[in-house]
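Presented below is the structure to which this report refers.
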Amino acid sequence: MHSTGGGYKVNLLKEELQKYKDDENKIIMFTDSYDVIINGAMKNIIYRFKQLEARIVFSAESTCWPDESLAESYPATESKYKYLNSGGYIGYAADLYNLLSTAPIANKDDDQLFLTKLFLKTEIREKYRIKLDYKSSIFQNLYNALDDIEMRLDDVFSYTENNKYGTIPIVIHGNGRSKFALSTVGNYIANSWNEAQGCLVCSENRLQLPKDEDDYPEVLLAVFVSVPTPFIEEFFQKIENLDYPKKKIHLFMYNMVPYHSEEVDKFTSIAFEKYSSLKKILPSDKIGEAEARKLALKQWKVKKCDYYFNVDSYVHIDNSETLKRLIEQNRQILAPMVVRPYKAWSNFWGALTKEGYYQRSFDYMSIGYGDRRGVWNVPYISSAYLLNSTLLKKHKPNYELDDLDVDMSFSKNFRDQGVFMYVDNTVEYGHLIDPYSFDVKRKHPDMYELINNRYDWEQRYLHPEYMKNLDPNTTIAQPCPDVYWFPVTSPRFWKELIEIVENFGEWSDGSNKDERLPGGYENVPTRDIHMNQVGYERSWLELLQQYVRPIQEKVFIGYFHDPPRSLMNFVVRYRPDEQPLLRPHHDSSTYTVNLALNRPKIDYEGGGCKFIRYNCSVENTKIGWMLMHPGRLTHYHEGLLVTKGTRYIMISFVDP
Ligand SMILES: O=C(O)CCC(=O)C(=O)O
Ligand SMILES: [Fe+2]
């Protein structure tokens, strides 16, 4: 407002001041409004004004604007905030009226320039005892001052402290390019959030969904599969689980990844009957993402839906209440906060660099980790968000701004229009998948996601009972002396691991000659496929480190080796007509792990592992359960004869 048009503010104020032009005791404060937050009581403002011993006080800032050349005419001061800012001032009515009447100002003129020129005239300055608020006792202009201020949160009152001058300013002004900093501060001050009660504004202006589901607002649910995404089955399952009447949802399904066609079809063929309508864009339609997003918005209008709920394929909506809660929160643009588990990557930014890219805000981690909960005004959201159709009256989403990608365009478009975007972490809504290194050329690529998407990998591939192993009260089973036995992987893991190796298919020939080994010789050969042949070595070693090592430390006490080292990790295949058994031997390992990948008496007959020194065999091996035993000296062992079918096991020689 400082540029053309600021003069209008002065003229309006002057007109209003007419009423009090002779009042020498009435105190009047003027502030801008759309970029100002007042965080304190009137009596405190008056108290501080009186302490400044002036008739008129202007707010001060560190940049001389709009006419830099006036800087040298300013009175000398130690303060960093040397220059007048016209966004806030306070004074006695009569003095203010007379000051503003000293000279005329056109509506289109710059108010800051006008007031600066008055201030710079010594006789006027002295006549009205005009001072600048050098220490931000009342006014804090945020531009170029963000390093001077710090958010202070206490049990009842949140405030910004000016560290440079030890003051607690009351009128906070997001001047110039500090608008987003003001929004950040505004998440806390003016009774928005405090330490004791958390978010105070979250319960304001909420919307109550109707009792009868038939009266629920209609939602355009736009699902975007734009990149190959791990754990897409679970993604669709969670969409399906959303607790919202499907007949009130119009579905827009965009898929541009041929690999996901099957899952998308599976989902939409069921969705087709349940949802109010379905529009589907397939890879063969050859429609780019930005274009598709435009079509989705169009569909929103065609179907006249009250809301637009965007969910990208790498957002798992774990909380089935999400859609309802977002609607109830009643904002124009609201994103459920989602974060990559164990990482700091989320679907919002707390602050922006000058160039408009990501910057970590002072509260980013507290919000991301959920230490602070609320509904936060932020400069960037993506991936999952609810738009209210009231937005469309004045504003249009735009996914194609300048050369920016769709997400950057989306947020920048609203920032530029001054529309606030919020992210909600009042509860857990879900989490983000990291699609970055997902390689769909592999067989069962999700199996390879232990490192990048550990949380989801565990949900799908870790044995449901695994965690119990770690409970100090759980004794690990010991079918033979110093042979431990525990569940590690889920049924799906063994099924897919077998399919990975069988799909690869290049089983060793079972002879002593083995080109895959450094010496080229295997003393006790098996028919096997090594994990490095199917690209699974890194994942498997991670599995050993994350899930096997803790149990090793529990049962073989005093032995620590982190990470476990293992050069030989392989799936063994026993068949009556191929290699049906393995003769007695020692392993070249400190300890060996032996994971059963299929079921005795169902998938094969015979088989098992016998520990000769103890005359003890484990034949009733359990799928997904792992045997762990010392490799040498005491645990001389053999693989027992398989008489029918195929037996698969996964072996590692740990710390050879
Ligand atoms: O068949 C078994 O369970 C034992 C396999 C084994 O000892 C090995 O591969 O070294
Ligand atoms: Fe062995």
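We count ligands from 1, going down the list as the structure has it; atoms in each ligand are counted the same way.
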Practice problem: Under 4.0 Å from a heavy atom of Tyr574: give me the atoms of ligand 1 that qualify, with their elements. | Solution: 1 (O), 2 (C), 4 (C), 5 (C)

Exercise. Check the angle between the aromatic planes of Tyr461 and Trp457 and answer parallel, tilted or perpendicular using the 30° and 60° thresholds.
Key: tilted

Exercise. Could you list which atoms of ligand 1 come closer than 4.0 Å to a heavy atom of Asp587?
Key: 10 (O)

Practice problem: Could you pull out the N/O/S protein atoms under 2.8 Å of the Fe ion (ligand 2), ignoring any water? | Solution: His585 NE2, Asp587 OD1, His637 NE2

Quiz prompt | For Phe653, atoms of ligand 1 separated by under 4.0 Å from a heavy atom | solution = 10 (O)

Self-check item: Listed partners of Lys280 passing side chain to side chain donor-acceptor pair (under 3.5 Å), at least two apart
Solution: Asp265, Thr268

Quiz item: Can Arg647 be said to touch ligand 1, with heavy atoms closer than 4.0 Å?
Solution: yes

Quiz item: What protein heavy atom sits nearest atom 8 (C) of ligand 1, and how far off is it?
Solution: Leu582 CD2, 3.5 Å

Quiz item: What residue pairs, at least two apart or across chains, pass disulfide bond (SG atoms under 2.5 Å apart) with a residue in residues 563-656?
Solution: Cys480-Cys616

Quiz item: Out of His635, His586, His585, who gets a non-hydrogen atom closest to atom 10 (O) of ligand 1?
Solution: His585

Quiz item: Can you tell me the protein heavy atom closest to atom 4 (C) of ligand 1 and the distance?
Solution: Asn594 ND2, 3.6 Å

Quiz item: N/O to N/O below 3.5 Å, does that happen between Glu638 and ligand 1?
Solution: no

Quiz item: Among all residues two or more places apart in sequence or in another chain, which pass the ring-ring contact (aromatic ring centres under 6.0 Å, His included) test with Phe362?
Solution: Tyr188

